[in-house]
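As a basis for the values below, the full set of heavy atoms in this structure was taken, side chains included, without hydrogen atoms, waters or symmetry mates. Numbered from 1 within each chain, the chains take letters A, B, ... in sequence-line order.
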Amino acid sequence: MRNDKSPNIPRTEPIMSATFTPAVNAEIRRAAATGIYDIRGGGAKRRVPHFDDLLFLGASMSRYPLEGYRERCNTSVSLGTRYAQNPIELDIPITIAGMSFGALSGPAKEALGRGALAAGTSTTTGDGGMTPEERDQSSKLVYQYLPSRYGMNPDDLRKADAIEMVVGQGAKPGGGGMLLGQKISDRVAEMRTLPKGIDQRSACRHPDWTGPDDLEIKILELREITGWKVPIYVKVGATRPYFDTTLAVKAGADVVVIDGMQGGTAATQDVFIEHVGLPTLACIRPAVKALQDLGLHREVQLVVSGGIRNGADVAKAMALGADAVAIGTAALIALGDNDPKWEADYQKLGTTAGAYDDWHEGQDPAGITTQDPDLMARFDPVEGGRRLRNYLKVMTLEAQTIARACGKNDLRNLEPEDLCALTIEAAAMAGVPLAGTSWVPGTSGDIT
Amino acid sequence: MMQTFDLEAEGLRALNTALQAQTRETNQTSWQVLNPKGAHAVAVGLDAPIDVQVKGSTGYYCGGMNKQATIRVAGSVGPGAAENMMSGRIIVEGDASQYAGATGHGGMLVIKGNAASRCGISMKGIDIVVHGNIGHMSAFMAQSGTLVVCGDAGDALGDSLYEARLFVRGSVQSLGADCVEKDMRPEHIELLRGLLEAGECDAKPEEFKRYGSARKLYNFDIDNAGDY
Ligand SMILES: Cc1cc2nc3c(=O)[nH]c(=O)nc-3n(C[C@H](O)[C@H](O)[C@H](O)COP(=O)(O)O)c2cc1C
């Protein structure tokens, strides 16, 4: 725009770039000032095709529904029926995902255990080892076996009700853990055998196995140590779901966990969270196809996570073929994370309730993602547990409502045929027709 | 009385079940395992003060997660021997493949031959004594414990090291990021003397050099970003 002074010549309006948005420019300035990438918690914040882009069709002339509250709709599921002597028996197909002690406070872990126990589901440890807070409360505790092996010991391994081999996470497939100095309290440091106050960048690959052939032997060792009693899950970030599922099954997994890019993390580079991995929606059908091709769908169970928020998301994931889902972020919100009641404190941190994601800094106003005793004291684990139980019950009721409307007496009887998509992208990713059409984009090719 | 177990005839599950069933009070304290023939996960998850002699070579993860037991392998071991050991002793008469002693939290691993790459990776308190040489990337991200090498070390020794102590008698092909040579003080000579003795090795502590963390990567500093 030339700044011609003549009053008679219309001026062009100032136009903000769609490419260089204020947020993008702010990040450039932040990078220029600090020389380090942005680290944050949470999952991908940008919009990607998701369960909101799917709809259930419901019953009609050609399908009859079940009576709400009267006709039973089963929600229970067993995980680990392939090899384990003692599969995990869940009353509801919504599990609590692994979140590390260190990222979360001890009372927050306790609350997760309390809520899950009351709702009849499992919780999962995380990087940093097993805490008594969680073991004591949770009757079904999945012990994560991670590249860092922080706090890893055979006694805790044998106390676990299942073992989850973590290969990757949706927020950062191919990335390791990160716990910055501010959060390394004496207790966290001791559990991880590291000095207090240093940044912990945990490894991204396991120290003693590399590919699926090694993993098969690693799983054999874990089974030998735990007497073939408990299920072994393999968790992967969503990248190549068809092949990852196939290889996990080949390596001997009882359960495959796939975590999409919206999945939360305690702390990772923003560029990693936003630019690596597949949306959750895009990975379910290929994973299910892999299990079907092996003749093991339902025998090896599939757990899906990454951006699950309500009963509709649960029902949609299951209709696409998942046996259960896992939640991280939503569970934290149920406990009180990002609650507007702490708005004044969020403002002081330069953010706002709902956007707060600097969990790695340990200053969480809600007292959940912190090791600071004063902040931790704001959080009541008994009340938190109750809130989580309520939320899990609501999600289950919602999923049942949908299932009955589709005429299903078991959540796992939901099927892709019950769904349609609102966008072409979602139709292609979920392998269901675009609403009002019989068009399933992308079906001429191979789903892998 | 020596308990003899033929792995080929009786199978891995039976072996580990029998060994894991031993308690602190057991009087079956002496075991020998015949025909290991490269089997994986031999004598894993033990938790009793027993002696186990493995008469031959093993595959992956021999003695994995050991507590209390003394396991002596009259042969060589595959990858991940003594991984995540908590206590006790594992002695390998031959060579060890990759990741020997990985993530070990305690106890002692003695390798009388050579160890391949990534020996002592992510170690968290274990002591490892290698009579021969070790391969590249050994003691990567090693957190705690001591690695003693009587021969030479390969490339990138002690990369991203935390607080583990490294002693090498021979040459070091190269040091990894943030690993530096440090002074040998009298207390290090004493420590080393004890470890060498326990490790059935007659090398002289005075002949070793000590390596440790420069601690420059402990908290992010833009000027060290090139080392990441
Ligand atoms: C605070 C926090 C800590 C986490 N820690 C771990 C961890 O230690 N290990 C792991 O495998 N995943 C970890 N995750 C990822 C979760 O297990 C899970 O994959 C993810 O939260 C699911 O997506 P959602 O948050 O959208 O529900 C963490 C997530 C959060 C939010």
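- Around the CZ atom of A:Arg205, the shell of radius 6.0 Å holds no more than 12 heavy atoms that belong to other residues, nucleotides or ligands.
- Under a cut-off of 6.0 angstrom, the local environment of NZ in A:Lys229 is sparse, with at most 12 non-hydrogen atoms contributed by other residues, nucleotides or ligands.
- For chain B, the nearby part of A:Arg192 is the backbone; its heavy atoms alone come within less than 4.5 Å.
- Heavy atoms of B:Asn66 lying under 4.5 Å from chain A are absent altogether.
- Using a 4.5 Å cut-off between heavy atoms, B:Glu163 touches chain A through its side chain atoms alone.
- Of all the heavy atoms in B:Gln20 and A:Glu224, the pair that sits closest is NE2-O, 3.0 Å.
- Rounded to the nearest 0.5 Å, atoms CG (A:Asn153) and OG1 (B:Thr103) are 10.5 Å apart.
- Residues A:Leu220 and B:Ala41 share a closest heavy-atom pair of CD2-CB, 4.4 Å.
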Show the numbers, then the answer: is there a side chain to side chain contact (heavy atoms under 4.5 Å, CB included) between B:Tyr99 and A:Thr210?
CA-CA 11 Å; B:Tyr99 343 115; A:Thr210 353; 3.1 Å; yes
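- Between the side chains of B:Tyr60 and A:Asp214, at least one donor N or O sits under 3.5 Å from an acceptor N or O.
- For chain A, the nearby parts of B:Leu12 are the backbone and the side chain; heavy atoms of each come within less than 4.5 Å.
- Counting only N and O atoms by type, the side chains of A:Tyr150 and B:Ser122 include no donor and acceptor under 3.5 Å apart.
- B:Met65 touches chain A through backbone and side chain together, each having a heavy atom under 4.5 Å away.
- Other residues, nucleotides and ligands contribute over 12 non-hydrogen atoms within 6.0 Å of the CD atom of A:Gln85.
- Distance check: A:Asp208 CG to B:Ser97 OG gives 11.5 Å after rounding to the nearest 0.5 Å.
- Judged by distance alone, the side chain of B:Gln143 and the main-chain N or O of A:Thr193 form a donor-acceptor pair under 3.5 Å.
- Note: B:Lys124 leads B:Lys67, B:Lys124, B:Arg215 in heavy-atom pairs under 4.5 Å with chain A.
- Annotation for B:Asn219 and A:Ile198: closest pair ND2-CA, 3.9 Å, computed over non-hydrogen atoms.
- Rounding to the nearest 0.5 Å gives a distance of 12.5 Å between NZ of A:Lys218 and NE2 of B:His40.
- The nearest pair of heavy atoms linking B:Tyr218 to A:Pro195 is CE2-CG, 4.1 Å.
- For A:Ser202, the part lying near chain B is the backbone, with the side chain staying farther off; criterion is any non-hydrogen pair under 4.5 Å.
- Only the side chain of B:Tyr162 comes within less than 4.5 Å of a heavy atom in chain A; its backbone stays farther off.
- Residues B:Met86 and A:Pro154 form a side-chain contact, since some pair of their non-hydrogen atoms from C-beta on lies under 4.5 Å apart.
- Interface summary for chain A: among B:Ala102, B:Gly64, B:Gly125, B:Ser144, the most heavy-atom pairs under 4.5 angstrom belong to B:Gly64.
- When atom types are taken as modelled, the side chain of B:Asn84 and the backbone of A:Met152 share a donor-acceptor pair closer than 3.5 angstrom.
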Side chain to side chain contact (heavy atoms under 4.5 Å, CB included) evaluation trace for B:Asp47 with A:Asp155:
CA-CA 10 Å; B:Asp47 191 4; A:Asp155 298 332; 4.2 Å; yes
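- Looking at every heavy atom in both residues, A:Gly227 comes nearest to B:Arg13 through CA-NH1, 3.7 Å.
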